[in-house]
Amino acid sequence: MSWGFDFRLFFDSFRRLDAGWMAASIVLVLATYAGRALRWQAMMRPVAPHASLWRLIENTCIGFTASVIFGRAAEIVRPLLIARAEGVTLASQVAVWVLERVTDLVMVLLLFGIALSGVDRSRASTVGPEVAWVLQFGGRAILTLGAAAAGVLLACRVFSGDAARWLGRWPALARFADSLAAGVAATRDAKAFALILLYTLAEWALIAACYYCIFKGFAPTAHLTAMDSLTILGFVSFASVVQIPGVGGGVQVAAALVLTQMFGIAAEPAVTAGILFWGIGFAVIVPLGLWFAVRGGFTFASLRTLGKSPDRPGEIA
């Protein structure tokens, strides 16, 4: 090939996968969906103390499936399905979703901080402009995004107690504020908030273990250490949050760049590894999510419609 990418080597690299390690990575990533459901259950306890964990697992799988198939716009599917299943307002579950995102962002920043600390000068001097940008501005990004996350968590604690009273003159807005406040009420309970953080740590420990299994099950990366896999996870997670110039937010591209520029992996297996990260880390839920959706009476078209907007606007409050 004139542009240097060997497709024969690329396709051949898929044959060098260890089935045992790959199976372990799939089990670990599927366990994260149960972990997410457990965390969601803890977050929504103030509005639905007896929410069914199994229904949460089902709707979590369906929601992530919709996001994989239809993109980020379909992320509304999960809170909408959970709100309907548990008989609570959509606004409260959107608030739970925001709280979930903020706690995940905190973990991403922590992982990225570990990743930056694990980069030695010899590796840093060989990277291209895309990764160099991350190394140069990563510390500032951690401070900025960390402050923003802390501000949102603080606002949740304040908002969940007082906003409805501030909006008392406007009944519709007050009801909407009540719903949002109920969704983040768990932040006002120290034990509940500690449980949420514990589930978040467990969630990301499973994700880190999944990445490690993928590395060990792929011959070109099998020599990498657990710290190396954590470093790559930090960079890839950061890239999924921040749009890096020349890279964007793609997990596959970010993984391939870090593997080639920082760890000396050839382009073909690095691209394969990026595809594995996306396939196992994201797309593997699709068959299970579709099975839950079909069993629940959903069709492909109905999931797409849900991803656009709630069918009854009044449900939001």
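Computed from a predicted model, the values in this text were never measured in an experiment. Here, residue 1 is the first one in the sequence, and each next residue gets the next number.
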> Can you check whether L110 reaches V106 side chain to side chain, under 4.5 Å on heavy atoms?
Replying inline: no
> Tell me, do W21 and I214 make a side-chain contact under 4.5 Å, heavy atoms counted?
Replying inline: no
> Is it the case that one hydrophobic cluster holds both V94 and L80, taking links as side-chain heavy atoms less than 4.5 Å apart, direct or via other members?
Replying inline: yes
> Mind checking what makes ring-ring contact (aromatic ring centres under 6.0 Å, His included) contact with Y212, not counting sequence neighbours?
Replying inline: none
> To the nearest 0.5 Å, what is the distance between CD (E86) and CG (L56)?
Replying inline: 5.5 Å
> Roughly how far apart are F215 CZ and L233 CG, rounded to 0.5 Å?
Replying inline: 8.5 Å
> Which pairs count as side chain to side chain donor-acceptor pair (under 3.5 Å) when at least one residue sits in residues 104-113, sequence neighbours excluded?
Replying inline: R36-D104, R39-D104, D104-W204
> Rounded to the nearest 0.5 Å, what separation is found between the CZ atom of R78 and the CD1 atom of I82?
Replying inline: 6.0 Å
> So, T32 side chain and G35 main chain: donor-acceptor pair closer than 3.5 Å or not?
Replying inline: no
>> Once side-chain hydrogen bond (donor to acceptor under 3.5 Å, both in side chains) is applied, do any residues pair with T60, and if so which ones, sequence neighbours excluded?
In response: none
> Taking side chain as C-beta onward, heavy atoms only, is D18 less than 4.5 Å from K216?
Replying inline: no
> Is it the case that one hydrophobic cluster holds both L206 and I196, taking links as side-chain heavy atoms less than 4.5 Å apart, direct or via other members?
Replying inline: no
> Which pair of heavy atoms, one from C210 and one from S25, lies closest together, and at what distance?
Replying inline: SG-O, 3.5 Å
> Are L30 and L53 connected, step by step, through hydrophobic side chains (Ile, Leu, Val, Met, Phe, Trp, Tyr) whose heavy atoms are closer than 4.5 Å?
Replying inline: yes
> Side chains of L90 and I76: does their closest heavy-atom pair fall under 4.5 Å?
Replying inline: yes
> Hey, does L201 have a side-chain heavy atom less than 4.5 Å from the side chain of M107?
Replying inline: yes
Identify every side-chain donor-acceptor pair in residues 269-292 under 3.5 Å, counting partners at least two apart or on other chains, and give the distances.
| unit_1 | atom_1 | unit_2 | atom_2 | d |
| --- | --- | --- | --- | --- |
| T272 | OG1 | S13 | OG | 2.6 |
| T272 | OG1 | E268 | O | 3.0 |

> Do the side chains of I57 and Y33 get nearer than 4.5 Å, heavy atoms only?
Replying inline: no
> If you take all heavy atoms of S229 and A226, which pair is closest and at what distance?
Replying inline: OG-O, 2.7 Å
> Which residues pass the side-chain hydrogen bond (donor to acceptor under 3.5 Å, both in side chains) test with S52, sequence neighbours left out?
Replying inline: none
>> Using a 3.5 Å distance criterion without hydrogens, assess whether the side chain of Q41 forms a donor-acceptor pair with backbone atoms of A51.
In response: yes
> For E58, what residues pass the side-chain hydrogen bond (donor to acceptor under 3.5 Å, both in side chains) criterion, not counting sequence neighbours?
Replying inline: W54, R295
> Closest approach of A267 and T260, non-hydrogen atoms and distance?
Replying inline: CA-CG2, 3.8 Å
> Do R45 and L195 have side-chain heavy atoms sitting under 4.5 Å apart?
Replying inline: yes
> CG of L224 to CG of L230: how many Å apart, nearest 0.5 Å?
Replying inline: 12.5 Å
> Between CD of E100 and CD of Q93, what distance do you get to the nearest 0.5 Å?
Replying inline: 11.0 Å
>> If hydrophobic clusters are built by linking Ile, Leu, Val, Met, Phe, Trp and Tyr wherever their side-chain heavy atoms come under 4.5 Å apart, do L38 and F64 end up in the same one?
In response: yes
>> Working to the nearest 0.5 angstrom, can you tell me the gap between M227 CE and I232 CD1?
In response: 11.0 Å
> Side-chain donor-acceptor pair under 3.5 Å between T225 and D228, yes or no?
Replying inline: yes
>> Looking at every non-hydrogen atom in both residues, tell me the closest pair between S67 and E75 and how far apart they are.
In response: OG-CG, 3.4 Å
